[in-house]
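Computed over heavy atoms, backbone and side chain alike; hydrogens, waters and symmetry mates excluded.
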Amino acid sequence: MKLRLYGPSIRFRFDSQEVARLSQGETLEALVRMGPAEDQVFRYRVVPVDGHTMPDHSQLKASMDDPRTLTVSASLDALRAWNEGSGLALTVEQAWPGGSLKLALEKDMQRLNPKPDEESVHVYPNPQFGKVHCAHP
């Protein structure tokens, strides 16, 4: 599971095995150590939930459970359909007075210009692979 933050957006990327695990109801969690103390961590996780418990029948909802844990609740029905279908992402924009957050769960695709030391096991095939070449290193 990869996490990307940019401005008011959060994107998670998953390989095919991770998407399958989510669709089976398994929570995926990772953490980043921010220092030597036990409480110096940042956790992020995606938790499959019964869609009937989601607010406004949304597929996704982000929340901060505590100052160090980002939790995304995802509808299990949406995760199952995403796993079985060809769609690349589940997306939602959470809005509140004075702000909003764009949230996406994405299937991790094969890079068009893979790095020599980069593992790309279980990523989704990219339909542009071999047809397009990126010039960046």
*Do you know the tightest heavy-atom contact between L60 and V72?*
CD2-CG1, 4.4 Å
_Closest heavy-atom pair and its distance - Q17, D15_ = N-OD1, 3.0 Å
Is it true that [X] and [Y] fall in one hydrophobic cluster, defined by side-chain heavy atoms closer than 4.5 Å?
X: L31; Y: L5; value: no
X: L28; Y: F42; value: yes
X: V46; Y: M64; value: yes

Donor-acceptor pairs under 3.5 Å, side chain of residues 89-97 to any protein atom, not counting sequence neighbours: which ones?
{"unit_1": "E93", "atom_1": "OE2", "unit_2": "S100", "atom_2": "OG", "d": "3.0"}
{"unit_1": "Q94", "atom_1": "OE1", "unit_2": "A62", "atom_2": "N", "d": "2.4"}
{"unit_1": "Q94", "atom_1": "NE2", "unit_2": "A62", "atom_2": "O", "d": "3.4"}

_Holding to salt bridge (Lys or Arg N to Asp or Glu O under 4.0 Å), I want the full list of residues that pass it with D50, two or more places apart in sequence or in another chain._
none
_Once salt bridge (Lys or Arg N to Asp or Glu O under 4.0 Å) is applied, do any residues pair with E18, and if so which ones, sequence neighbours excluded?_
none
_side chain to side chain donor-acceptor pair (under 3.5 Å) pairs, two or more places apart, involving residues 22-41_ = R21-E26, S23-N83
*Kindly state each residue pair satisfying side chain to side chain donor-acceptor pair (under 3.5 Å) with at least one member in residues 4-14, sequence neighbours excluded.*
R11-E106, R13-E106
*Check: K107 side chain, W82 main-chain N or O, donor-acceptor pair, under 3.5 Å*: yes
*Can you find a heavy atom in the side chain of F12 that is under 4.5 Å from one in the side chain of L3?*
yes
*What pairs with V32 under side chain to side chain contact (heavy atoms under 4.5 Å, CB included), at least two apart in sequence or on another chain?*
M34, Y44
*If you link ILVMFWY side chains whenever their heavy atoms are less than 4.5 Å apart, which other residues fall into the same cluster as L76? By chain and number, please.*
none
*asked:* Distance check, rounded to the nearest 0.5 Å: L88 atom CG versus D108 atom CG?
replied: 11.0 Å
*Under the salt bridge (Lys or Arg N to Asp or Glu O under 4.0 Å) rule, what pairs show up with a residue in residues 64-89, not counting sequence neighbours?*
R45-D65
